[in-house]
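Reading through the structure tokens given below for one structure.
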Amino acid sequence: MKRALPAVTITIAGLAAVLAFRTREIPTAVTGEAASTTTTSAGATTSGGATTTTAPPGGEVRVTGPVVNTEYGPVQVEVVISGGRLQNVIALQLPTDDPHSDRINARAEPILREAALSAQSANIDVVSGATVTWSGYTRSLQAALDSAGF
Amino acid sequence: MGSAVLENRRVVKVMGTAVGVAVPGGCSPGILDEVFEWLHWVDATFSVHAPDSEISRLSAGALREEDCHPLIGEVLDRCVEMLVRTDGWFDASPDGPRGRLDPSGFVKGWSVDAAGAILRRAGVASYWINAGGDILARGGAGEGRPWRIGIQHPLEESSLAAVLEASDLAVATSGQYERGNHIWPAPDGIRRLLSATVVGPDLATADVLATALFAADGAADPWFGHFGGYDYLAIGTDRRVRWTPAMDRFLA
């Protein structure tokens with residue numbers, strides 16, 4: 001009996017887990033606390049810091065992130081901040097060293113951009129389900145945001 | 001090893017995807033070298049796309065299983081075990097027992113777990129490894145902060161469907177949007193799930209369960225419950241998110 005008990009407990013727990021769902025409507029966006037302590041990459045190989053290119057009063061601020069050398073090649077992004085919000089992320093450089101890399105980039109760039117836009121406000125470390133890692137992208141992005149004091 | 005230079009992020013293209021490793025506390029580049037050497041070895045040994053990989057030669061009958069690296073047999077045994085335990089929904093050899101072998105759905109998570117063990121043995125307590133959207137997270141983001149892990153919204157690239165907070169967790173997501181139709185169509189042709197995210201202690205199991213759950217279109221009863229310690233969050237074509245109650249502790 002002692003040996004049977006855990007099995008019974010596991011089965012009941014299993015059934016409960018399957019039958020008693022929590023549900024909710026899928027959100028259109030998840031936002032959280034404003035990002036304040038997003039980890040930056042001290043070891044990033046960069047050339048030069050982020051540079052603010054334009055800063056009209058009350059208007060749009062564009063900041064170019066540093067070039068981050070990943071094993072795929074250099075990555076560099078520009079961020080557009082307006083009204084205190086991150087409005088857009090533009091990939092200035094993404095690796096295109098071989099056809100496979102091209103394929104990755106074709107899918108990666110929009111996902112990276114959009115995921116960055118939503119995740120930035122939620123202070124996300126990493127995203128599950130996105131097809132590519134966005135480490136290099138976020139390194140350049142974070143440097144640009146840090147430089148903008150965002 | 002021996003280098004004074006610390007590194008805390010690296011991304012490498014391997015196993016047909018991008019694998020990223022983040023170590024917030026930093027570690028010697030030599031440790032990350034070791035991690036990626038392992039992953040490249042796994043790729044070369046288990047790639048079904050490389051005709052000269054051991055798995056391809058075994059598949060083609062040009063190599064006997066006893067002449068393969070012992071890890072090949074171990075992986076194939078685990079695949080068979082997973083086939084049985086998922087009620088047949090995870091299948092590494094769809095054309096018969098060890099006929100045309102494709103353990104890829106198991107190998108990625110399994111090799112990332114082993115990569116995590118390399119980091120742990122080197123004294124790295126906090127890290128995440130992201131293999132094409134499947135994540136092994138350990139320790140935390142620093143200063144007592146847990147990792148915050150976003151779940152990609154399956155319909156809107158601009159959104160996350162949920163955010164998880166955890167110190168030690170493996171998170172795997174399967175969905176139609178990932179890589180086209182590499183997973184089976186729904187059993188009855190009417191798809192109910194857009195994506196399935198499974199969390200639990202190790203990524204090999206979480207990844208297999210996410211694949212199986214998506215292939216089964218959410219028909220998880222009763223096999224899923226037999227995997228102790230694993231929970232899931234499924235996003236339906238009705239735009240509803242369903243999750244097992246124990247998942248509550250991770251939902252931010």
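In what follows, chains are A, B, ... by sequence order, proteins preceding strands, each numbered from 1. No hydrogens, no waters, no symmetry mates; every other heavy atom, side chains included, goes into these values.
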Greatest number of heavy atom pairs closer than 4.5 Å to chain A - which of L233(B), V171(B), D248(B):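 Of the options given, most contacts go to D248(B).
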
Side chain, backbone, both or neither: which part of I135(B) has a heavy atom under 4.5 Å from chain A?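 For I135(B), the side chain is the part near chain A, not the backbone.
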
Examine whether an atom of A137(B) lies under 4.5 Å from a heavy atom of chain A, and if so say whether it belongs to the side chain, the backbone or both; otherwise answer neither.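 Contact with chain A is absent: no heavy atom of A137(B) under 4.5 Å.
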
Looking at D125(A) and I149(B), would you say the former's side chain and the latter's main chain have a donor-acceptor pair under 3.5 Å?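 Such a contact is absent between D125(A) side chain and I149(B) backbone.
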
Using modelled atom types and a 3.5 Å cut-off, is there a donor and acceptor pairing between side-chain atoms of S128(A) and backbone atoms of G133(B)?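 Side chain of S128(A) to backbone of G133(B): a pair is present.
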
